[in-house]
Amino acid sequence: MELSDQEKFRRDSLNELRAMGIDPYPAAMYPTNAFSDEIKENFDENAAEPRKVCIAGRMMSRRIMGKASFIELQDSKGRIQVYVTRDDICPDEADTEKVMYNKVFKKLLDIGDFIGIEGFVFRTQMGEITVHAQKLTVLAKSLRPLPIVKYKDGVAYDKFDDPDLRYRQRYVDLVVNDGVKETFLKRSRIVRTMRSVLDEAGYTEVETPILQSIPGGASARPFITHHNTLDIDLYCRIATELYLKRLIVGGFEGVYEIGKNFRNEGMDRTHNPEFTCMELYVQYKDYNWMMDFTEKLLEKICFAANGCYESKIGDNVVSFKAPYRRLPILDAIKEKTGYDLNGKSEDEIRDICKALKMEVDPSMGKGKLIDEIFGEFCEGTYIQPTFITDYPVEMSPLTKMHRSKPGLTERFELMVNGKELANAYSELNDPIDQYERFQEQLRLSQKGDDEAMFIDQDFVRALEYGMPPTSGIGIGIDRLVMLMTGQQAIQEVLFFPQMKPEIAAAPQESQEEKN
């Protein structure tokens, strides 16, 4: 590995510290007792004695002025100024104060190094709350220079803003770019609020298998892996639905899971092959109840994240205050295209697609065609939360038939800012009907639809034991976080989004070549 001049210099400094008897990566616990934000919030101008503190963090800037210096220390809560003088810092490892200040602090420490500071809090003549260092400890040497932004004549230099670099080196992104960490703190708050609402409602958080013999619960292309001991192919789950409904059969009132799903499909600004989803199933409920519950849930999440019921996403201000508009999908298509698809056959809908100048594949069945029309002409137009309801049965193989509209099902998708956020049903609990729907999915698969569902015989068997009327919903956590934080790319709300390797892996040597 070829090192830059700065990297060579830092390694030399590392070796000099060790030669002086200073461990640049000490093992002992460092006894911090304060954080930057709390020090500033609780500063008492009129205290009889200055407050003693012990803090630690990265050195992010340094201004050396002879015997005294100012540094900016960044800890997990923010940044604070530290005042360092030659006459005050005196660690046990140094022979003299002068050596510690002139050689260690001024020459061997670099921007990005972790240090510990013991001292007292005061306010400078410029009015800034500052820690006066009385002891400095080296805690971790940084061997790579941070991309610190510098400004000259109003122009920023060395900005760490290339998306590819930011997503690959999230650890650097979090250190140097303001606001990135806050997005992920909000994500944690959003998930915590969701879990709290579901727990308070009396529902049980559970875990279901990630590796499955049959990938069910959604129409999606799965990832395939192989289990060596069992000598069988397995699939990374595409949804948790069918296992959660098995638990409703088993007698749980309501169950939910917040976990990873995997779909071997496209990647763009709103799709990642590995994503987080919350799925909830509650017995004796229907999709009308679930719409009401979803409105209350999102209101609470938005308020917890933003302190209000609105979120700004680009030029759009989205209000999560209930109630949300409810619009049947065929009415939405008629509203946007002028075509009424009620009662239309697959061939008629295919002709409408051609009239709309859409490219359609021969493998697409009626449901897929309707879905394509909605995605092309309708989905992106719904900025404010809108429940799109009553999907055709061909689009909804796990959904109960509509109680009053033949050919339709009791299903809704929640659209927000032009994208689907949630998908929910009055769950199909008729095992005979369910098996027939699976058979239709098999026929679509045989026509070439690689997203058609598999037949899950064990799930049908579970339904044969009886599942009460149930409503279920899936909410994409990543898209929810995007909406609540105003981000327009899913990569901004994933710590480590999927990306191509930086360097292609070298082909492995075969056993025969080794021998």
Side-chain angles (χ1 to χ4, degrees), residues 204-252 255-267 271-279 281 363 365 368 396-399 423 427-429 431-467 472 474 476-477 496 498-501 504-514:
T204 304
E205 184 173 9
V206 298
E207 294 180 346
T208 60
I210 291 176
L211 292 178
Q212 302 179 353
S213 57
I214 295 175
S219 296
R221 183 188 303 158
F223 285 94
I224 304 174
T225 186
H226 188 79
H227 193 294
N228 291 332
T229 302
L230 297 177
D231 193 23
I232 59 171
D233 284 342
L234 292 174
Y235 302 88
C236 294
R237 70 182 178 200
I238 57 176
T240 57
E241 177 169 346
L242 301 189
Y243 280 94
L244 292 174
K245 287 197 281 195
R246 285 172 169 91
L247 298 180
I248 296 294
V249 171
F252 280 86
V255 292
Y256 74 93
E257 182 169 9
I258 300 174
K260 294 285 189 180
N261 292 338
F262 307 85
R263 297 183 184 178
N264 196 0
E265 298 171 347
M267 295 171 57
H271 294 87
N272 196 64
E274 173 185 352
F275 63 98
T276 305
C277 188
M278 186 285 293
E279 289 200 42
Y281 295 84
S363 68
K368 204 72 176 286
S396 313
L398 299 169
T399 313
N423 188 20
E427 301 295 335
L428 178 58
N429 59 345
I432 297 174
D433 189 0
Q434 181 64 83
Y435 185 72
E436 292 173 350
R437 306 267 194 102
F438 279 149
Q439 290 282 1
E440 176 59 27
Q441 289 291 300
L442 178 61
R443 285 189 285 273
L444 290 172
S445 178
Q446 292 169 345
K447 285 177 61 178
D449 187 346
D450 58 7
E451 294 184 353
M453 290 188 188
F454 290 52
I455 296 179
D456 190 332
Q457 298 283 5
D458 180 69
F459 176 65
V460 174
R461 178 171 58 190
L463 292 184
E464 290 174 344
Y465 280 99
M467 185 176 82
I477 298 297
F496 306 106
Q498 196 67 46
M499 304 184 74
K500 284 185 177 181
Q508 291 191 350
E509 186 180 12
S510 69
Q511 190 63 44
E512 187 175 326
E513 290 171 323
K514 290 179 183 177

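In this chain, residues are counted from 1 in sequence order.
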Evaluation steps, salt bridge (charged side-chain N to carboxylate O under 4.0 Å, His left out), between R437 and E440: CA-CA 5 Å; R437 306 267 194 102; E440 176 59 27; over 6 Å; no
How long is the straight-line distance from [atom2] of [Y] back to [atom1] of [X], given to the nearest 0.5 Å?
X: C236; Y: I210; atom1: SG; atom2: CD1; answer: 8.0 Å
X: L234; Y: I214; atom1: CG; atom2: CD1; answer: 11.0 Å
X: K245; Y: T240; atom1: NZ; atom2: OG1; answer: 10.5 Å
X: L242; Y: L398; atom1: CG; atom2: CG; answer: 6.0 Å
X: Y243; Y: L247; atom1: OH; atom2: CG; answer: 10.5 Å
X: C277; Y: N423; atom1: SG; atom2: CG; answer: 9.0 Å

Positive for salt bridge (Lys or Arg N to Asp or Glu O under 4.0 Å) with R237, one of E279, E257, E207: E257
Quick one: does [X]'s side chain have a donor or acceptor within less than 3.5 Å of a partner on [Y]'s backbone?
X: D456; Y: F459; value: yes
X: R263; Y: R221; value: no
X: E436; Y: P431; value: no
X: N429; Y: M467; value: yes
X: E427; Y: G472; value: yes

What is the minimum heavy-atom distance between [X] and [Y], and which atoms define it?
X: I248; Y: Y281; result: CD1-O, 3.6 Å
X: S219; Y: E265; result: O-OE2, 4.3 Å
X: Q434; Y: P397; result: NE2-O, 3.0 Å
X: F275; Y: N272; result: CD2-O, 3.7 Å

side-chain hydrogen bond (donor to acceptor under 3.5 Å, both in side chains) partners for Q457, two or more places apart: none
Aromatic ring proximity, centroids under 6.0 angstrom, Y235 and F262: no
Is the shortest side-chain heavy-atom distance between [X] and [Y] below 4.5 Å?
X: Y435; Y: I455; answer: yes
X: P273; Y: F223; answer: yes
X: H226; Y: D231; answer: yes

Trace of the side-chain contact (heavy atoms from CB on, under 4.5 Å) decision for Q441 with F454: CA-CA 7 Å; Q441 289 291 300; F454 290 52; over 6 Å; no
Enclosure of I232 CD1 (heavy-atom neighbours >12, cutoff 6.0 Å): yes
Test side-chain contact (heavy atoms from CB on, under 4.5 Å) applied to R246 and D458, step by step: CA-CA 9 Å; R246 285 172 169 91; D458 180 69; 2.9 Å; yes
Worked check of side chain to side chain donor-acceptor pair (under 3.5 Å) between H227 and D233: CA-CA 6 Å; H227 193 294; D233 284 342; over 6 Å; no
